[in-house]
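Just so you know, ligand 1 is whichever comes first in the structure, and atom 1 is the first atom listed for that ligand.
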Amino acid sequence: MLVLGTGGTIAGLAPSAAGNLGYTAAQLGIAALLDAVPGLPAVLSGDVLLSEQVAQVDSKDMSFAIWLALAQRVRHHLSQPDVRAVVITHGTDTLEETGYFLQAVLPAALIHAKPVVLTCAMRPASAQTPDGPQNLLDAVAVARTDGACGVMAVCAGVVHAGLDVQKNHTYRLDAFSSGDAGVLGHVEEGQLRLARNWPLAIAGYAHNAIDVISSETTWPQVEIVMSHAGCSGAMVDALLCQCRAGLPVRGIVVAATGNGTIHQDLEAALRRAVQAGVKVVRSTRCTNGRVLPTGASEFAHSNGLSPVKARIALMLELMLGPQAR
Ligand code: SIN
């Protein structure tokens, strides 16, 4: 089994053990994090555990370069016959984006056969009672479960599918939700209690997605704008000015109100964007539910994806072609 480190609070350090806040994320290397999990050999029951540091970043600063490197390393390791799973330590703040990205770009044949388990922590490694070691232990237990496959996230004893997971609390240790889809399962004393089926690859995605996106020198610029009371088209018009200045914005995701409705002034600006060749997708700022097609809007809906995930889907579509959705 491989554990890939990318940083986050799980690898964070504070000046004192009393500090659950006021720490610096991404300080400890992955080997040190694994050394701090005393129960690991028992859970591994003889399996070899290797680790690799892919990045060391506060996940608010996650970059396309790190995503690509991570996808390439996961694909490499999962392709080895003697590797049964990959676990990834990650910051909580953009974990849902990385989960969606990996589920979208990893070859279906690999993630239908083996699991990729993201894990994280809400308290730094230096805290009096850090949550990272238990989360790591649970992630390894899930990764070793017979039949496990697909991209998942494990936090506070709860297992979420990479497609559904969303951070929905700023402070609680149990900071994630799977929304309407419901959680994938629970880890109880090292045993997974599965609540629904393992996550499958997204139908229709290109199998060679990683190779295609690695050949792009820059990924298409896709921005998120929000519709709200008193909204204007100013954000969209600023993006269109940028286009005219030769810095093309290729896509805009609208975090719309309710079932995808958009303030009339923003909607007018989005029409101007479409005329300028920008692809517009409607998501919703509601935490739960999806934008249901009503036939009343000229803008595509996000297939149930939240704004941040719809943005990744649109970037991939612009790189891979329409078969990516
Ligand atoms: C991060 O996302 O890297 C910092 C915050 C966290 O992990 O909780």
Side-chain angles (χ1 to χ4, degrees), residues 3-34 36-37 51-71 73-74 86-103 116-140 142 151-179 183 187 224 287 306-309 311-312:
V3 183
L4 305 181
T6 70
T9 293
I10 193 168
L13 292 176
S16 93
N20 286 337
L21 305 175
Y23 58 86
T24 308
Q27 300 299 299
L28 286 178
I30 188 62
L33 293 188
L34 292 169
V37 189
S51 67
E52 190 176 303
Q53 194 79 46
V54 175
Q56 188 64 298
V57 70
D58 184 323
S59 81
K60 71 178 173 58
D61 300 323
M62 184 52 66
S63 66
F64 299 153
I66 296 175
W67 270 353
L68 182 58
L70 187 59
R73 294 315 288 156
V74 173
V86 170
V87 170
I88 301 168
T89 58
H90 197 288
T92 61
D93 286 342
T94 58
L95 181 145
E96 67 209 64
E97 294 173 57
T98 300
Y100 178 82
F101 173 73
L102 290 176
Q103 182 78 21
V116 178
V117 186
L118 290 144
T119 195
C120 55
M122 289 296 284
R123 291 181 183 159
S126 54
Q128 220 149 212
T129 51
D131 53 331
Q134 184 66 50
N135 286 345
L136 248 176
L137 205 57
D138 289 348
V140 170
V142 171
V151 179
M152 292 167 266
V154 173
C155 183
V158 186
V159 188
H160 305 269
L163 287 180
D164 306 316
V165 68
Q166 193 166 354
K167 185 172 179 181
N168 71 348
H169 205 281
T170 55
Y171 181 70
R172 280 190 212 143
L173 301 189
D174 187 5
F176 291 90
S177 155
S178 289
V183 304
V187 192
I224 300 173
T287 327
S306 66
V308 289
K309 290 178 187 173
R311 174 176 173 265
I312 296 168

Note to self: How close do Val142 and Met152 get, counting heavy atoms only, and between which atoms?
What the structure shows: CG1-SD, 4.0 Å

Notebook entry, point to check: Nearest protein heavy-atom contact for atom 8 (O) of ligand 1: which residue, which atom, what distance?
Noted result: Thr92 OG1, 2.5 Å

Check: Any side-chain donor paired with an acceptor under 3.5 Å for His90 and Thr6?
Finding: no

Next item on the list: Indicate the atoms forming the closest heavy-atom contact of Gly12 with Pro124, along with that distance.
Entry: O-CB, 3.4 Å

Check: Looking only at protein heavy atoms, which one is nearest to atom 3 (O) of ligand 1, and how far off is it?
Finding: Ser59 N, 2.6 Å

Note to self: For atom 5 (C) of ligand 1, what's the nearest protein heavy-atom neighbour? Residue, atom name and distance, please.
What the structure shows: Thr9 OG1, 3.0 Å

Check: Which pair of non-hydrogen atoms, one from Ala55 and one from Ile66, has the smallest distance, and what is that distance?
Finding: CB-CG2, 3.7 Å

Note to self: When you compare the side chain of Ile88 with that of Val116, does any pair of heavy atoms fall below 4.5 Å?
What the structure shows: yes

Checklist line | N or O contact, Asp58 vs ligand 1, cut-off under 3.5 Å | finding: yes

Next item on the list: Using distance alone, determine whether Lys60 and ligand 1 share an N or O pair under 3.5 Å.
Entry: no

Note to self: Tell me whether ligand 1 is touched by Ala121 - counting only heavy atoms on the residue side and a distance under 4.0 Å.
What the structure shows: yes

Notebook entry, point to check: What closest approach, in Å, do Glu96 and Val165 show between heavy atoms, and which atom pair accounts for it?
Noted result: CB-O, 3.1 Å

Next item on the list: Give the contacting part of Cys120 toward ligand 1: side chain, backbone, both or neither, where contact means a heavy-atom distance below 4.0 Å.
Entry: neither

